[in-house]
Amino acid sequence: MTEPVLTLSGISKSFPGVRALHDVALELYPGEVTALIGENGAGKSTLVKILTGIYRPDAGEIHVRGEPVSLPTAHAAFEKGITAIHQETVLFDELTVAENVFLGHAPRTRFKLIDWKKMRAEAQSLLDSMGAELRADTRLKELGIAKKHLVGLARALSVEADVVIMDEPTAALSQKEIEDLYVLVELLKEEGKAILFISHKFDEIYRVADRFTVFRDGEMVGKGMIKETAQDEIVRMMVGRSVDHIFPKVKAEIGEVVLSVEGLSHPTEFADISFALRRGEILGFYGLVGAGRTEVMQALFGITRPSGGSITIDGREIAPRSAADAVAAGIVYVPEERGKQGVVIGLPIFQNVSLPSLKRTSTSSVLQLAQEFALARTYTERLDLRAASLSQDVGTLSGGNQQKVVIAKWLATNPRVIILDEPTKGIDIGSKAAVHAFMSELVGQGLCVIMVSSELPEVMGMSDRVVVMREGRIAGVFDNKGLDPVTLVETAAGIRSQAA
Amino acid sequence: MTDAAETTHRHIPDRLDNPIKSAVLSWETLLVLVAVVIFILNSLASPYFLNAWSLSDLTFNFTEKAVIALAMALLITSGEIDLSVAAIIALASTLMGMAVQWGVPTPGLVAIGIGVGLACGAFNGALVTGLKLPSIVVTIGTMSLFRGISYAILGDRAYGGYPSDFSFVGQGYVWWVISFELVLFVFAAVLFWFALHRTNFGRQIFAIGNNAVAAQFSGVRVARIKFVLFCLTGLMSGIAAVMLTARLGSTRPSIAQGWELEVITMVVLGGVNILGGAGSITGVVLAALIMGLVTFGLGLLNVPGIVMSIFIGGLLITVIALPILYRMWRERRA
Amino acid sequence: MIRLLKQREVMLLAIIAIIVALVTTRSAGFGRPGNLTAIFNDTAVLMMLACGQLVVILTRSIDLSLASNLALTGMIAAMVNAAMPGIPVEVLILGCIVVGGLLGMFNGLLVWKLNIPPIVVTLGTLTIYRGTVFLVSGGTWVNAVEMSDRFKSFTRAEFLSLPMLSWIAILVIALFALMMLRTPLGRAFYATGINPTAATYAGIDVGKTKFIAFTLAGMVAGLAGYLWVSRYVIASVDVARGLELQVVAACVIGGVSIAGGIGTVGGAVLGALFLGVINNALPVIGVSPFWQMAISGAAIITAVIFNARGERRGGRIILKTAEAG
Amino acid sequence: QTRIALVVKSLGNGFFEAAARGAEEAAGELGDVEIIYTGPTEPTAEAQIEVVNSLIAQQVDAIAISANDPDALVPALQRAMQRGITVISWDSGVAPEGREMHLNPSSNDLIGNTIIKLSADHLPDGGDVAILSATATATNQNIWIAEAEKVLPDYEGINLVATVYGDDQSDKSYREAQGLISSYPGLKAIIAPTTVGIVAAAQAVTDAGKIGEINVTGLALPSEMAAHIKSGASQSFAIWNPIDLGYSATYIAHALATDAATAEPGATISIGRVGEVTIGEDGQAAMAEPFTYDASNIDEFATIF
Ligand SMILES: Nc1ncnc2c1ncn2[C@@H]1O[C@H](COP(=O)(O)OP(=O)(O)OP(=O)(O)O)[C@@H](O)[C@H]1O
Ligand SMILES: Nc1ncnc2c1ncn2[C@@H]1O[C@H](COP(=O)(O)OP(=O)(O)OP(=O)(O)O)[C@@H](O)[C@H]1O
Ligand SMILES: [Mg+2]
Ligand SMILES: [Mg+2]
């Protein structure tokens, strides 16, 4: 057996009130991919930040090639040959691609000044070698989210590194780009690099990883070779119990048309969007990342202003000019970006829940705390929220629980249509099942659901019908009976147009 | 968690911490302590301090600024700022002075002062919310613009000759040593306290200040509320203009020069987070009182105003730094 | 995008040129090279301070204490000169930079170590530094007679028909431009402002970068303190009162985003120059001085609106047809 | 003991510091008098009212004020008078309702005449002159300028081309002076009836290389102008003695506060070594004629104030 390049032992890290990591160990081997698996909040990203010099561990040792090292700064980690693609895109919108790749370690001239020419050339050749169709002197903010991830990747590869860490690298990538990434991982393996790969997607883990390590509540609970271990076993290690039905789709009674959209258009983002949504139905919206689904949903929700077309709900035409209008009409939206658009971090849970329903919990605009608490309790308990109290800052909750607060907030408004945009993105397998179960429950009660998702199994497992979008237009609408996933992928990629 | 059919849910309590305990540890308590200490120091340092008339005169040092600070507190809590308030006073006062020359009686003058304030606030609000511009730079601009218009109108002249009943607003006493200005301020403070802490409007302000995007995505009409807050700040500046003009009995374009920073200092000292999302009216009222106590107390010792401002500046930084230092000290020990 | 930024500066330069040309048609002397260099010289201090403010604003901070810092260092320089005329001016200038830098460091430390919002810190030090001028001087002025000849003449000495003051400004501007474009520190200012989290991940200490920005701004203010006192041959408590907001205005007019991360040395300098030209042009074309304030206010608002339009991105442009059209 | 408050427009101004020295001198002569020298930092009426309020609370015996605004201070000063405090104004006056009497450093028409005469003396053939004032709201400056304009026809060939305001800020005054120099190529003199303005204007003329062409004159303290008299940027300027002014104001305030005199038209009050003043019909009195300083006597006075 080869020697590990990187060995961690006894690593602990606490934040005020949270024990993120406790006495964990990890080894990374050259030319092998190690998957790090664990629920949301298990401490995976915290470990990544310790390895890249952003956090310092409270205790424990790090050995690189057998030598003990300390990583006090991000720079120190660079120098020890550790590089990472972080979970959040941590790049600079206003700077060029080249500078994003080389910020902090740019080539210098004899006078110690930044050598822009050399930097651009090196960045360009790096991007070309990755097969990324990008020009080094474009500004980052002009790129789509997927291209940004490629820049992040290029940045990670721009340093001569032995250890490459990827924290959920595929969360925002489309199918094709994910495939490209797999090829790249293979290449890195061949070059003998040690790779740490963090993901919530099991198909992916089984595809790229050689070894695995499982974290639960900040502790290491198991490790082994992927080939010798079944998925069930890993899931059991992860959550401490078994998870059965991941897509517990219960067929609901499909009723009359509730929402119908005709020819909705926007000057630059989408055109000619028409579909109908029936009572008790889950309508899936599939497409490659960047297909424009979010923009359409935000137009329904009154955030984006469409330039043409009509939205009809219960036979009444509406033209929402703000989210408040949409909510009043019965359309609510669970956004993709939880932290930025979903919850108001800084406000307690109960105030987040009551925010859109203040009219109901107050008497002539004067707050009634008792009513607010009652409302919040009803809906959060129904969703089985894990929280110490309702007065707790929502920012202290884990991502999955924050998502529940957002859903609770909307249920409290008695909506007609609920739009969920990537509802399980970055959510661990246990919480994911809960969200899916809950969607079934919603339609069971006669609501209609629009579910935007880029995950094929989720779309296939949950939707009654699927709308596929491509480059701002509807590329096809399919009934989910005997639907072949290949059809969806090819329609989304524009390889096949819908055979009517 | 996986079983949706499960009906028994775990109970989530409303709150864990004792509200009395958290009230004791609050910012307001710190301010009350500071105010009491300054009050005692003042009484020890000057034999003239503990006197009904002195204490009454003291309130004139802050009432007008504090009236604006009430509205500014709401605005800053929502994540915006208005640097043009003092310039609004100048413009409102100038136009009132102009109206006097046309023989407008007192009620008309009050209406003009308040109306001009409101219009200026609406102008700021429209630029910030309509064109989505950062409020700090917009109001640096309107600060020059509004006062500049005053200069353009008045030049080297002054307006005077305000009717005698007008002066009651700034100089009158309601009862014994209780001035009309003080009563007006207390009334406004109660109103603003209620609006911020007890109504839907106030709740929405906190939501916007913590995260305007998420608030918008929760159905809060963010632009409309911000616009209203700018109007409100303008309106209160207009009221302050009426009070100050009535107290001075004359108008020059340089009136209330430099007040914007004092008002903001008052708000920040009152514990309102300059980045938005947190604050209380009680804190602002206490901060106004503290600033009045400091300036008046040092005034009794004939300390020059500029030295007082060192005290105020130092107080601002110290009071903000103290809780942070305390927290750091506690973390280090833990 | 870089093109667009450059365009904005070219636009500002064009506006300045148009104003100069228009004023010259009214008053022939205005456009003479001699008068233009006088205006440049007159704006030198504002331009330097705008460079200092630029680095601070880039890191998502603001320094309202620059003018007070200038007044305090200027007063100290004048008093030292009055008391010990033997100290060479060069040494005095170095001393000013050090004192100004220390005052800037104090701001920076509070921002860095205690995490107090910059606007609160500098609102406090704005009054503290100004008050300290009163304390050190006892409220009196330092007058021309008390200053040594070299102290007064240093900024006036002409080289290639430009006064030393202008040369110092040019040097400071050039150094800042070089730093912003070609050194890791300069890029760190941008990175910190654009995305502090990403900056941390890239190995930049965000707090320390802010600290350095405040220190640099303080050093510039200190240098400006001597230059100001030497130029106007008077040191008093009131020196440069109200200049702090003008410096911010100059940056804003120059296209610096108050939210951090966007702005160039060229923009800030041109913004300052714009204000300088306006200030100098109004009396010349006989506009009542009482209109000055209103006009510069309107100019600031116009510039903000204009800049915001340039900054706003036009959606993500998903539709292929829209992209082509 | 009599406590007399000498309230000035703003602290940190050489002129008022000198007046305070005069007040202390008078206090020493009178014996048993305490001088409270105070004022705001910024020359605004609001700030001065706060100062007056704290003096009322301290129950001083007399307030002698140089006001930032003739009207705005009236209510506060009236309150002081109601509480039995003697109130007089000096240098820059308050409206009659707000004080018992006003001490002018000199009579306004004399000052107005002097500042024109100072420029005319060095312009035998006449020429263009301009005025650089303090803030546009400064009471006394405006009165003097008005008086100066009145006597202008008496000086043949003297042509007042502009009046600009430097706000008593060095940089603004300097810029305004520069503007005058470039806009009026034929300009022969700049008259600045304010100390900040005259110093800035002299510097601007020096820097423009116009010494000998443009004469800077007006009102200033000798210590501030010594360098410019020597360089020739200014031929001469005038000022009353601020020490005497503070001294006289103290004497008058003391006399009124101790009821040794009453403030009524025609009353004559002794002001120690300066002599005596007589209160006119308008409740005002003038101290002395302005004194002219030039190269011959500047060194003697520059060391005094
Ligand atoms: N800066 C911080 N301050 C306080 N708590 C933190 C901080 N960073 C992480 N935590 C907490 O530490 C725990 C581990 O978080 P971490 O981000 O490592 O989880 P993760 O395994 O990466 O989860 P996910 O799968 O959702 O990305 C969580 O409870 C989180 O709330
Ligand atoms: N170039 C970009 N710059 C910044 N944020 C982006 C960019 N592209 C996408 N995003 C954001 O990232 C998230 C993912 O967007 P995505 O690429 O999925 O586009 P979309 O319009 O939502 O298309 P779809 O939902 O069909 O994938 C969205 O919240 C979007 O606002
Ligand atoms: Mg993570
Ligand atoms: Mg999306």
Side-chain angles (χ1 to χ4, degrees), chain B residues 81 83-84 87 123 127 131-157 253 257-258 260-262 264-265 268-269 273-275 304-325 327-328, chain C residues 62 64-65 68 106-107 110 113-135 139 237 241-242 244-246 248-249 251-253 256-259 287-305 307-309 311-312:
Chain B
I81 198 164
L83 292 174
S84 72
F123 184 70
L127 283 176
L131 299 178
K132 299 197 173 59
L133 302 175
S135 56
I136 183 161
V137 286
V138 164
T139 55
I140 284 180
T142 52
M143 168 178 161
S144 293
L145 183 67
F146 295 153
R147 197 181 286 281
I149 295 174
S150 281
Y151 269 105
I153 293 174
L154 262 175
D156 54 357
R157 291 170 306 132
Q257 188 98 54
E260 54 279 328
L261 295 186
E262 286 185 52
I264 291 168
T265 303
V268 173
L269 190 59
N273 185 346
I274 194 87
L275 308 173
I306 194 149
V307 180
M308 289 180 203
S309 65
I310 299 185
F311 272 84
I312 301 278
L315 197 66
L316 177 70
I317 292 181
T318 318
V319 171
I320 303 268
L322 268 182
I324 298 173
L325 285 171
R327 208 172 52 224
M328 281 166 67
Chain C
I62 191 163
L64 295 176
S65 71
S68 301
F106 182 67
N107 288 332
L110 288 174
K113 291 298 179 192
L114 297 189
N115 237 323
I116 307 178
I119 189 166
V120 176
V121 169
T122 56
L123 201 59
T125 52
L126 157 89
T127 57
I128 294 177
Y129 294 167
R130 177 78 61 184
T132 312
V133 185
F134 184 88
L135 287 187
V237 179
R241 209 183 262 276
E244 51 275 328
L245 291 184
Q246 267 204 48
V248 177
C251 286
V252 168
I253 292 175
V256 180
S257 164
I258 207 81
V287 171
S288 149
F290 300 119
W291 278 95
Q292 233 175 57
M293 200 181 226
I295 291 177
S296 66
I300 296 169
I301 296 171
T302 316
V304 180
I305 295 175
N307 285 336
R309 296 200 157 233
E311 246 167 64
R312 198 153 297 157

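A quick note: this is a predicted structure, and the numbers were derived from the prediction, not measured. Sequence lines set the chain letters: A, B, ... in the order given, protein chains first and strands last, and positions in each chain run from 1.
Between C:I258 and B:P134, the shortest heavy-atom distance links the atoms CG2-CB, 3.7 Å. Contact detail for C:G131 and B:I310: the closest heavy-atom pair is C-CD1, 3.3 Å. Of all the heavy atoms in B:G313 and C:I128, the pair that sits closest is C-CD1, 3.7 Å.
Residues B:I317 and C:T125 are in side-chain contact: their nearest non-hydrogen atoms beyond the backbone lie under 4.5 Å apart. With a 4.5 Å cut-off on side-chain heavy atoms, B:L127 and C:V304 do not count as touching. In this structure the side chain of B:I320 never reaches within 4.5 angstrom of the side chain of C:V121, judged on heavy atoms.
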Show me the side-chain donor-acceptor pairs of residues 293-302 of chain C shorter than 3.5 Å, one per line, residues at least two apart or across chains.
unit_1 : atom_1 : unit_2 : atom_2 : d
C:S296 : OG     : C:M293 : O      : 3.2
C:T302 : OG1    : C:A298 : O      : 2.6

For side chain to side chain contact (heavy atoms under 4.5 Å, CB included), just list the numbers for B:I136 and C:I119, CA-CA rounded to whole Å, side-chain angles, deciding distance to a tenth of an Å, and then say yes or no. CA-CA 11 Å; B:I136 183 161; C:I119 189 166; 4.0 Å; yes

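For C:V248, the part lying under 4.5 angstrom from a heavy atom of chain B is the side chain only. For C:V133, no part lies near chain B; criterion is any non-hydrogen pair under 4.5 Å. When heavy atoms are compared at a cutoff of 4.5 Å, B:V137 approaches chain C by way of both its backbone and its side chain. Contacts of B:M143 with chain C are made by side-chain atoms alone, with heavy-atom separations under 4.5 Å and no backbone atom involved. For B:L269, no part lies under 4.5 angstrom from a heavy atom of chain C.
B:E260 contributes atom CD, which lies 7.0 Å from atom CG of C:L245 (distance to the nearest 0.5 angstrom). Atom CD1 in B:I324 sits 14.0 Å away from atom NZ in C:K113 (nearest 0.5 Å).
Residues that satisfy the side chain to side chain donor-acceptor pair (under 3.5 Å) test with C:T127, not counting sequence neighbours, are absent from this structure.
Ranked by heavy-atom pairs under 4.5 Å with chain B, the first of C:L110, C:V252, C:L123 is C:L123.
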